[in-house]
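Notes to accompany the following structure.
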Amino acid sequence: MLLNSDSAQSLCEMAYILSSYLDFIVNFSCNAGNFSFTERITVKYAGAAAMYFVSKNLKKKYNITDERASLYEAVETWVDALNGREFLGGSKPNLADLAVFGVLRPIRNLRSGRDMVEQTRIGDWYKRMENAVGESSRMKA
């Protein structure tokens, strides 16, 4: 598997993220932002439906039958590519490190992200990336 920002790595992870749309929708629309009740309901159900169909199409297009296995395989491939280095870029993150971290960061505290860290070897690299990148600049409600 080639590892760059356009690789199957991102596609597998995105398919997995989208397939766990309920986790995302509940966390985002119910716990973040200044949404009215009507907006929350609209985002929750319309977003869930849209994400379901996007996930279904991605899985079909890239022949992904088991999202979790594809995610774990992609993450393990990434860790193998590190080849003992702190980052793919060596002692400092490079663009590939940032691209993969950018895909993983949104799911880190969701069930799918917790499972990924528990079931693969990505945890140490992820902690180093958190330290290198710093806190999210997302505005908290």
Side-chain angles (χ1 to χ4, degrees), residues 1-35 37-141:
M1 180 182 298
L2 293 176
L3 292 171
N4 59 43
S5 60
D6 297 326
S7 71
Q9 168 91 16
S10 296
L11 297 172
C12 291
E13 291 163 353
M14 188 57 68
Y16 186 73
I17 293 165
L18 294 174
S19 71
S20 52
Y21 61 89
L22 284 177
D23 227 359
F24 171 78
I25 292 298
V26 168
N27 275 299
F28 181 73
S29 66
C30 296
N31 301 327
N34 295 319
F35 295 106
F37 175 76
T38 305
E39 290 170 328
R40 272 191 297 238
I41 295 299
T42 301
V43 166
K44 184 175 182 176
Y45 293 105
M51 291 177 80
Y52 171 79
F53 289 109
V54 168
S55 172
K56 192 173 180 177
N57 288 338
L58 276 175
K59 289 181 348 182
K60 183 178 179 182
K61 182 176 180 178
Y62 295 101
N63 197 26
I64 297 171
T65 56
D66 183 345
E67 301 92 352
R68 189 172 295 247
S70 294
L71 173 66
Y72 293 173
E73 179 184 350
V75 166
E76 290 295 341
T77 301
W78 175 257
V79 173
D80 289 342
L82 293 174
N83 199 24
R85 296 173 292 200
E86 287 189 29
F87 305 102
L88 194 66
S91 61
K92 294 182 180 179
N94 66 8
L95 190 55
D97 287 298
L98 292 171
V100 173
F101 184 70
V103 171
L104 298 179
R105 186 175 213 165
I107 67 164
R108 176 59 184 101
N109 294 313
L110 301 177
R111 183 178 54 234
S112 54
R114 289 189 303 265
D115 290 348
M116 174 194 65
V117 170
E118 291 171 8
Q119 301 297 321
T120 68
R121 301 173 291 148
I122 196 76
D124 291 338
W125 173 85
Y126 189 88
K127 286 177 189 170
R128 289 191 298 271
M129 284 299 296
E130 279 184 319
N131 291 334
V133 171
E135 288 290 315
S136 171
S137 61
R138 177 181 79 88
M139 295 177 61
K140 299 190 190 302

Original post:
If you measure from OG1 on Thr120 to CG on Leu71, what distance do you get to the nearest 0.5 Å?
Top reply: 7.5 Å
Original post:
How close do Ala132 and Phe87 get, heavy atom to heavy atom, and via which atoms?
Top reply: CB-CZ, 4.3 Å
Original post:
Is the backbone N or O of Ile107 less than 3.5 Å from a side-chain atom of Arg111, with the two atoms forming a donor-acceptor pair by type?
Top reply: no
Subject >> Donor-acceptor contact below 3.5 Å, side chain Asp97 vs main chain Asn94 >> reply: yes
Subject >> Rounded distance (nearest 0.5 Å) linking atom CD of Glu76 with atom CG of Asp80 >> reply: 6.5 Å
Subject >> Expected output: side-chain Arg128 to main-chain Glu86 donor-acceptor under 3.5 Å >> reply: yes
**OP:** Starting at CD1 of Ile122, measure out to CG of Leu104 and round the result to the nearest 0.5 Å.
**Re:** 6.0 Å
**OP:** Kindly indicate whether the side chain of Leu98, heavy atoms from C-beta on, has any atom under 4.5 Å from the side chain of Val133.
**Re:** yes
Subject >> Heavy-atom donor-acceptor pair, Glu130 side chain to Glu135 backbone, under 3.5 Å >> reply: no
Original post:
Any sub-3.5 Å donor-acceptor pair from Arg105's side-chain atoms to Gly102's backbone N or O?
Top reply: no
Original post:
So which heavy atom on Met116 is nearest to which on Tyr72, and how close?
Top reply: CA-CE2, 3.8 Å
Original post:
In Å, rounded to the nearest 0.5 Å, how long is the span from OG of Ser91 to CZ of Arg85?
Top reply: 11.0 Å
Original post:
So, for Leu88 and Ala96, which heavy atoms are closest and what is the spacing to 0.1 Å?
Top reply: CD2-CB, 3.7 Å
Original post:
To the nearest 0.5 Å, how far apart are NZ in Lys59 and CG in Asp66?
Top reply: 9.0 Å
Subject >> Distance in Å, Arg108 CZ paired with Arg114 CZ, rounded so as to fall on 0.5 Å steps >> reply: 8.5 Å
Original post:
For the residue pair Ser70 and Ile64, what are the closest heavy atoms and their distance?
Top reply: OG-CG2, 3.4 Å
**OP:** Just say parallel, tilted or perpendicular for the rings of Trp125 and Phe101, cut-offs at 30° and 60°.
**Re:** perpendicular
